[in-house]
Amino acid sequence: CLPTVNPGIHPIRKDRPFVREPSAIVSVAMMETLSMGTWCWTGSVTRATFPTRSATPCCSIDSTGMMCSMASPVLNVSHLTKRFGDFTAVDGVSFEIRPGEILGLLGPNGAGKTTTIQMLLGLVTPTSGSIEVFGLDLSTHREEILQQVNFSSTYISMPQALTVEENLWVVARLYGLSDIAQRIDKVVRKLEMEEFRRKVTRKLSSGQMTRLALAKAILTEPRILFLDEPTASLDPDVAYKIRALLKDEQRLSGLSILYT
């Protein structure tokens, strides 16, 4: 992510009207990266802490003017905190995401972005605070929730002895998907993976591995997608195509995205 004047996570919400100009710490490059709607809300933060946002309706702007929706949040995080001994990695994070909304988390290394996502996936247990997804408590409905959630990161690993296509088949079967061959063909075409779909995963370049991780994430057609630096290893032209693909997925399916 981007270096900031103040350490910590900086939230940027993408489909609400401007209430003020974007913070100076947000670069033009990141604005282009997340240009999926109308820029809106920013706020100063301390380490891994979000200001509490007032309960305003989710709004977007089209050619006829402002259109507002009172859709319930698909993700609601309240006072989320994680401590490792005396070290506080995440301190009182509170935010929400509504259907079709994109939330960007910006901050330097060690700000708590990845730890926050790990808690949202149920991989790390919070010290305190609550996480509700689709109106359900993550701590008691994790399996049900994760059927409709997926995750991608430049830094994840897939089984190295399998081919790209075999890895996608494993993911599809784990999620109980139907029409698997057609789904895989569609994702492979979208991400321009035809030339290495039958290549053994351990022989992939870092950019090809990143595309495989993204293919795994969108293959299941999730309602919420968590992306942790998803284009960090990609060439600029491929990264641009991936961002365009994410825009299309968000526009066509109402996909909600948390993006670092």
So CG of Leu146 and NE2 of His141: to nearest 0.5 Å the spacing works out to 12.5 Å
Using 0.5 Å steps for rounding, measure from the CG atom of Leu227 to the CD1 atom of Ile102. 10.0 Å
For residues Leu80 and Val90, report the shortest heavy-atom separation together with the two atoms involved. O-CG1, 3.5 Å
Joint cluster assignment, Tyr155 & Ile218, ILVMFWY side-chain distance < 4.5 Å: no
Partners of Leu123 by side chain to side chain contact (heavy atoms under 4.5 Å, CB included), sequence neighbours excluded? Gln118, Leu121, Arg142
Closest approach of Asn167 to Leu212 (non-hydrogen atoms, all atoms of both residues): ND2-CD2, 4.3 Å
Thr220 versus Leu177: any side-chain heavy-atom pair under 4.5 Å? yes
Using atom types as modelled and distance alone, determine if a side-chain donor or acceptor of Thr260 lies under 3.5 Å from a backbone N or O of Glu229. yes
Sequence neighbours excluded, which residues qualify as side-chain hydrogen bond (donor to acceptor under 3.5 Å, both in side chains) partners of Thr115? none
Go through the structure and list residues passing side chain to side chain contact (heavy atoms under 4.5 Å, CB included) with Glu166, not counting sequence neighbours. Leu162, Thr163
Applying side-chain hydrogen bond (donor to acceptor under 3.5 Å, both in side chains), can you list everything that pairs with Ser139, at least two apart in sequence or on another chain? Asp137
Taking salt bridge (Lys or Arg N to Asp or Glu O under 4.0 Å) as the definition, give me every residue that meets it alongside Lys216, ordered by chain and number, with sequence neighbours left out. none
Applying salt bridge (Lys or Arg N to Asp or Glu O under 4.0 Å) to Lys190 and not counting sequence neighbours gives Glu249
All side-chain hydrogen bond (donor to acceptor under 3.5 Å, both in side chains) counterparts of Lys241, not counting sequence neighbours: Glu192
Can you name the residues that form a salt bridge (Lys or Arg N to Asp or Glu O under 4.0 Å) with Asp185, not counting sequence neighbours? Arg197
Please enumerate all residues that pass side chain to side chain contact (heavy atoms under 4.5 Å, CB included) together with Glu221, with sequence neighbours excluded. Arg183
Treat each ILVMFWY residue as a node, draw an edge where side-chain heavy atoms are under 4.5 Å apart, and state whether Met119 and Leu136 are in one component. yes
Within this structure, what is the OG1-CZ distance for the pair Thr116 and Phe95, rounded to the nearest 0.5 Å? 6.5 Å
Test side chain to side chain contact (heavy atoms under 4.5 Å, CB included) applied to Glu132 - qualifying residues, sequence neighbours left out: Asn76
Would you list the pairs meeting salt bridge (charged side-chain N to carboxylate O under 4.0 Å, His left out) in which at least one residue belongs to residues 250-260, sequence neighbours left out? Asp248-Arg251
So which atom in Lys113 and which in Leu105 form the shortest heavy-atom distance, rounded to 0.1 Å? CD-O, 3.6 Å
Using atom types as modelled and distance alone, determine if a side-chain donor or acceptor of Ser94 lies under 3.5 Å from a backbone N or O of His79. yes
Quick one: does any side-chain atom of Ser78 pair with a main-chain N or O of Gly129 as donor and acceptor, under 3.5 Å? no
To the nearest 0.5 Å, atom CZ of Phe151 lies from atom CG of Asp228 at 5.0 Å
If you measure from OG on Ser256 to CG on Leu225, what distance do you get to the nearest 0.5 Å? 10.0 Å
Interatomic distance, CE@Met209 vs CG@Leu204, rounded to 0.5 Å, equals 6.5 Å
Spell out, as yes or no, whether a donor-acceptor pair under 3.5 Å connects the side chain of Gln148 to the backbone of Ile145. no
Is a side-chain donor or acceptor of Ser152 paired with a backbone partner of Pro230 at a separation under 3.5 angstrom? no
Taking side-chain hydrogen bond (donor to acceptor under 3.5 Å, both in side chains) as the definition, give me every residue that meets it alongside Gln147, ordered by chain and number, with sequence neighbours left out. none
